[in-house]
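Data first, discussion second: the structure below is written as structure tokens.
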Protein chains: 2
Amino acid sequence: MKQKITLKDIARELGVSISTVSKALKNSEEISRDTKERIQAFAKLYNYRPNNIAISLKNKRSRNIGVIIPNIVHHFFTTCVRGVELYANAKGYNVIVCLSDESFDKEVINMEMLANGSIDGFIMSLSMETMMKDDYNHLKEVTDQGIPLVLFDRTTDEVVCDKVVIGDREAAYMAVKKLIDSGRKRIGVITSDDYLIMVHDRMEGYKEALTEAGISIDENLILPMSQMQFDEEAVNAFLETQKVDAIVTVNEIFAVRAMKMAQRKGYKVPEDIAFIGFTDGLLSKYANPSLTSVDQHGELMGEHAARMLINKIESEQEEETYTTEILKATLIERESTP
Amino acid sequence: MKQKITLKDIARELGVSISTVSKALKNSEEISRDTKERIQAFAKLYNYRPNNIAISLKNKRSRNIGVIIPNIVHHFFTTCVRGVELYANAKGYNVIVCLSDESFDKEVINMEMLANGSIDGFIMSLSMETMMKDDYNHLKEVTDQGIPLVLFDRTTDEVVCDKVVIGDREAAYMAVKKLIDSGRKRIGVITSDDYLIMVHDRMEGYKEALTEAGISIDENLILPMSQMQFDEEAVNAFLETQKVDAIVTVNEIFAVRAMKMAQRKGYKVPEDIAFIGFTDGLLSKYANPSLTSVDQHGELMGEHAARMLINKIESEQEEETYTTEILKATLIERESTP
DNA sequence: TTGTAGGCGTTATCAA
DNA sequence: TTGATAACGCCTACAA
């Protein structure tokens, strides 16, 4: 087993000082051609690599960025992480991924774990529990310390920092408008009772599109699921009692499951009922019929978040300007709409 | 902005030495109750937290583990990462996730980036390109340096280290046997032409089950996709020319897509053709009909890998024993099989 | 051209 | 009971 070699080792072996070695390996002009060559050859032979940790300590920069997401087994977050990774790696940063598992405590623990030098900045999406508690002190502490933070998707106005979100209201509006334009009148929505802004925004967009088309809001057509859990019975009752001709949902799982139930009841999709989901993942793509869905561009979102963060990290001056980027969602039309 | 406070700062403010502060904060018996209380109160007030990087440098341990996977937008790998995270976090480790994107070069770069002190050990699954090139020098270098490595799922015999894999042969055998037991005779398989051991193993299991049941292997029933890309035309031709009564596939996407095509052709699932996929993800669960699938227990796999790695990291002695854990896959029966 | 010394933040050993 | 010192690996201003 060949142990890692350090500057000190090289210096000892070659009978020179550590700083000579350090300079030689940086190809410094100060060092004679001769010594440089000797040292570089030796370093190469023994495969010398500077120790990241020592450099981090010296520079007070780790070149790591911390990403905290509520859940990784989730297509949208997964694409975001991918976007962050690709951009960050290209810029020479590593990505430390932590999962809050939708728990406030885990979120706090993860942040504390990383905030002590391990990372140069955070990219995160809030856990459900955090949003319910409406407690953002852990975030404020981090920003107070001057650690850059970028919130994405699940954000809050309580914390002053850079943000990247999708235009949820517009996206929902767009989806519903498309249904109206194709003649649908009784448009149901399967939503959630969560304290998520995005859910709220999507509902706004839904209502706006209806109102604009002169269709009055029928509260019976709004079916909230509690805790993001799909409730088969409720949906069953909903399908039986409300004669809907279209359904939009706040995620793709709800759409695919509701669609399957409707099909089993003998409805034809999209002829009898059209469906539009949110979050364009594998499910939408491969459902039968394939699902028209709102693409939230997770990868792009991750990339933007990473770009904003790294800009902040690398900008010398303490700018106190924070921006919120609003990305535009796109409707991917497939077989579940006419 | 309140900057991070260090031992030195506390020492200066309270007029004591750095080592006194250090000891006091560790509640050392050496320090008088009085000074300890003063120091601890001050530290608490200013929210002192030791700097991880300095501790890493001192201890030559980072408490980070590096995970390198080919792709994160993939249900199986995602569940593995989750398993690693949960176990590692519980043990006080952070997880640095890097994506090789199925590229040999990226895999090498990522490993080099992390291998210089950033992490205490690696958990990884090989990229396709690495397996094709059959070049594992980057892995060998890492193990030569004494950095613990655990390979999972996509492994190789070329590298001596701990491994965690699923019993692919048995899993495929089990799936095919189930089809045979329910009376199916012409069992097709949609596979891949990749250099992945798992694909090879699954084909072995397929053949074994048939042979055992006295059914001869019909090469026409074996349809390889190149580069893991689903080829609609090929599957179309396959469905038309081969009168299969069941199809097993090496992943869930192939199964769901083939199933959809079969349904469009008027076949009833599972009555006319039964389907079994590999990798039990959302697609299998929510397909219509839902798909019987082989669960590879990604989360458990990740957890095992993390456990093996952390054991190695924390074991004092240089044991030179490496084990390969073979996890048992399970068949999740749903609507796509009788 | 090369080397010395101090520092990044922490801990451990030993001296006072 | 407290403090000085060295060390982890690297960098750099300054001295030789």
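Lettering follows sequence order; numbering is per chain, from 1.
For DNA chain D, the contact window with chain B, defined by any atom under 4.0 Å from a protein heavy atom, covers D:dT1 to D:dG9 in 5' to 3' order.
Proximity of A:Lys60 to the phosphate of C:dG7: no side-chain N or O atom is located under 4.0 Å from OP1 or OP2. Taking side-chain N and O atoms only, A:Thr20 has no distance below 4.0 Å to OP1 or OP2 of C:dT2.
The 12-atom threshold is exceeded at CG of B:Asn27, counting heavy atoms of other residues, nucleotides or ligands nearer than 6.0 Å. The environment of NZ in A:Lys140 is crowded: more than 12 heavy-atom neighbours from other residues, nucleotides or ligands sit within 6.0 Å.
Between B:Leu149 and B:Val159, the closest side-chain pair of non-hydrogen atoms falls below 4.5 Å. The shortest side-chain heavy-atom distance between B:Leu126 and B:Leu139 falls under the 4.5 Å cut-off. Using a 4.5 Å cut-off on side-chain heavy atoms (C-beta onward), B:Arg63 and B:Asn94 make no contact. In this structure the side chain of B:Glu314 reaches within 4.5 angstrom of the side chain of B:Arg61, judged on heavy atoms.
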Per-nt protein contacts along nucleotides 11-16 of chain C (heavy atom under 4.0 Å; B base, S backbone sugar-phosphate only, - none) come out as BBBB--

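Atom pair A:Lys36:NZ and C:dT1:P shows a separation of 9 Å (rounding to whole Å applied). Atom P of nucleotide C:dG7 and atom CG of B:Asn51 are separated by 18 Å, given to the nearest angstrom. Between the C1' atom of C:dT10 and the CD1 atom of B:Ile10 lies a distance of 12 Å, rounded to the nearest Å. A:Leu57 places its CG atom 9 Å from the C1' atom of C:dT10, with the value rounded to the nearest Å.
In this structure, NE2 in A:His74 is found 9.5 Å from CD1 in A:Ile69, a value given to the nearest 0.5 Å.
The two residues B:Asn116 and A:Pro50 come nearest to each other via the heavy atoms CB-O, 3.5 Å.
In this structure, the helix from C:dT1-D:dA16 to C:dA16-D:dT1 shows an angle of 60° between the axis at its start and the axis at its end, each fitted on 5 base pairs and rounded to 10°.
Ring pair A:Phe152/A:Phe76 is tilted by interplanar angle, where 30° to 60° counts as tilted.
For B:Tyr136 and B:Asp134, the side-chain atoms include at least one donor-acceptor pair closer than 3.5 Å.
Heavy-atom distances to DNA chain D give each of A:Arg49 and B:Ser17 a nearest nucleotide, and the one nearer the 5′ end belongs to B:Ser17.
Nucleic acid contact class of B:Thr35 (heavy atoms, under 4.0 Å, all strands): sugar-phosphate only.
Taking a cutoff of 4.0 Å between a charged side-chain nitrogen and a carboxylate oxygen, A:Asp101 and B:Arg82 qualify as a salt bridge.
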